[in-house]
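Just so it is clear, the model here is predicted, and its values are computed rather than measured. Note that these values count all heavy atoms, side chains included, but never hydrogens, waters or copies made by symmetry. Throughout, residue positions are numbered sequentially from 1 according to the sequence presented.
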Amino acid sequence: MDAVVAISLLRMAAADVAMEPWQRPSDAYLVQLGLDALMTDIEAPSLPLLAGLARGEYAQARELFDLVLEELGLLPLTSKDLAKARWTAARWWAGQIVACQIDPVHGAKLIHEEAAAELDYPDALQPIVDLARALDLPNDQPPDRQHLRDRVTSAAQDFLATEAHQNHSR
């Protein structure tokens with residue numbers, strides 16, 4: 001993970017913190033984001049405090065997370081910044097799928113739920129979304145998970161190739 005991806009994930013979590021309590025990221029997730037950001041050499045005075053919280057201290061995570069966002073200048077969160085963050089995360093997750101660093105099924109679900117759904121299902125992500133949905137459909141026959149993993153990996157490769165081509169053509 002690089003700093004751009006870490007900042008993108010922080011922005012996405014910032015948007016989710018404002019949601020209904022049952023939709024908010026867990027305190028453990030906020031601590032993990034802090035640790036990930038710290039490992040990418042992002043610097044903010046409260047970041048080591050957030051990343052270093054012990055399980056019994058997780059109740060402090062939201063307050064420290066808010067401080068980190070403020071210290072990094074990530075507030076106020078604009079819709080343009082959030083959309084850019086979701087695209088960055090989708091590309092990163094696709095890259096993780098292709099590099100066999102994340103299970104394709106899990107990666108497809110992350111792209112579907114955290115990026116595509118929030119971006120109003122853009123065409124570029126639709127093949128991955130369709131595969132993620134296929135994994136959740138109730139069937140008489142359970143899906144061939146290895147075949148779906150291979151198809152997700154192929155769809156992620158296609159997405160990254162299309163993105164690289166579009167960025168190179170600009």
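Side-chain atoms of Glu163 never come within 3.5 Å of backbone atoms of Arg91 as a donor-acceptor pair (strictly under, hydrogens ignored). Checking side-chain atoms of Ser154 against main-chain N and O of Asp150 turns up no donor-acceptor pair under 3.5 Å.
Every ring-ring contact (aromatic ring centres under 6.0 Å, His included) that Tyr121 has, sequence neighbours left out, goes to His112. Arg151 is linked by a salt bridge (charged side-chain N to carboxylate O under 4.0 Å, His left out) to nothing, counting only residues two or more places apart in sequence or in another chain. Listed by chain and number, the residues in a side chain to side chain donor-acceptor pair (under 3.5 Å) with Ser26 amount to none (sequence neighbours excluded).
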side-chain contact (heavy atoms from CB on, under 4.5 Å) assessment of Val152 paired with Val105: CA-CA 7 Å; Val152 168; Val105 170; 5.8 Å; no
task: Report the C-alpha separation of Val5 and Trp93 in whole Å, then their side-chain angles, then the decisive distance to 0.1 Å, and conclude whether the side-chain contact (heavy atoms from CB on, under 4.5 Å) test is met.
output: CA-CA 10 Å; Val5 172; Trp93 285 319; over 6 Å; no
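Criterion: ILVMFWY side-chain heavy atoms under 4.5 Å apart, direct or through other members. Under it, Leu35 and Val17 are not part of a common hydrophobic cluster. Put simply, Leu9 and Ile102 are part of the same group of oily side chains (I, L, V, M, F, W, Y) that touch within less than 4.5 Å, one to the next. Under a hydrophobic clustering in which Ile, Leu, Val, Met, Phe, Trp and Tyr are joined whenever their side-chain heavy atoms come within less than 4.5 Å, directly or via other members, Tyr29 and Leu77 fall into the same cluster. When hydrophobic clusters are built by joining Ile, Leu, Val, Met, Phe, Trp and Tyr residues whose side-chain heavy atoms come closer than 4.5 Å, directly or via intermediates, Leu49 is grouped together with Leu30.
The side-chain heavy atoms of Ser8 and Trp92, taken from C-beta on, include no pair separated by under 4.5 Å. For the pair Ile97 and Ile128, the minimum side-chain heavy-atom distance is 4.5 Å or more.
Between atom CD1 of residue Ile42 and atom CD1 of residue Ile7 there is a gap of 3.5 Å, rounded to the nearest 0.5 Å. Here OH of Tyr58 is found 9.5 Å from CG of Leu50. Values are rounded to the nearest 0.5 Å. Distance check: Phe65 CZ to Leu53 CG gives 12.5 Å after rounding to the nearest 0.5 Å. Going from atom OG1 of Thr162 over to atom CG of Leu160 covers 8.5 Å, rounded to the nearest 0.5 Å. Asp81 contributes atom CG, which lies 12.0 Å from atom CZ of Arg86 (distance to the nearest 0.5 angstrom). Rounding to the nearest 0.5 Å gives a distance of 5.0 Å between CG of Leu69 and CG of Leu75.
A pairwise comparison of heavy atoms in Val31 and Ala61 identifies CG2-CB, 4.0 Å as the closest pair. Nearest heavy-atom pair, Ala156 versus Ala94, reported as atom, atom and distance to 0.1 Å: CB-O, 3.8 Å. Taking both residues in full, the closest heavy atoms of Leu10 and Leu74 are given as CB-CD1, 4.2 Å, listed atom of the first, atom of the second, then distance. Across every non-hydrogen atom of Ala124 and Phe159, the tightest pair is O-CD1, 3.6 Å. Residues Leu67 and Ser46 share a closest heavy-atom pair of CB-OG, 3.7 Å. What you find for Met12 and Ala85 is that their closest heavy atoms are SD-O, 3.8 Å.
Sorted by first and then second residue, the salt bridge (charged side-chain N to carboxylate O under 4.0 Å, His left out) pairs with a member in residues 21-43 read Asp27-Arg62; sequence neighbours excluded. Sorted by first and then second residue, the pairs that involve residues 95-108 and meet salt bridge (charged side-chain N to carboxylate O under 4.0 Å, His left out), not counting sequence neighbours, are Asp103-Arg149. Within the structure, salt bridge (charged side-chain N to carboxylate O under 4.0 Å, His left out) pairs that include any residue of residues 114-132 do not occur (at least two apart or interchain).
Around CD of Glu70, the count of heavy atoms belonging to other residues, nucleotides or ligands within 6.0 Å does not exceed 12. Within a 6.0 Å radius of CD in Gln157, other residues, nucleotides and ligands contribute more than 12 heavy atoms. Within 6.0 Å of CE in Met1 there are more than 12 heavy atoms belonging to other residues, nucleotides or ligands.
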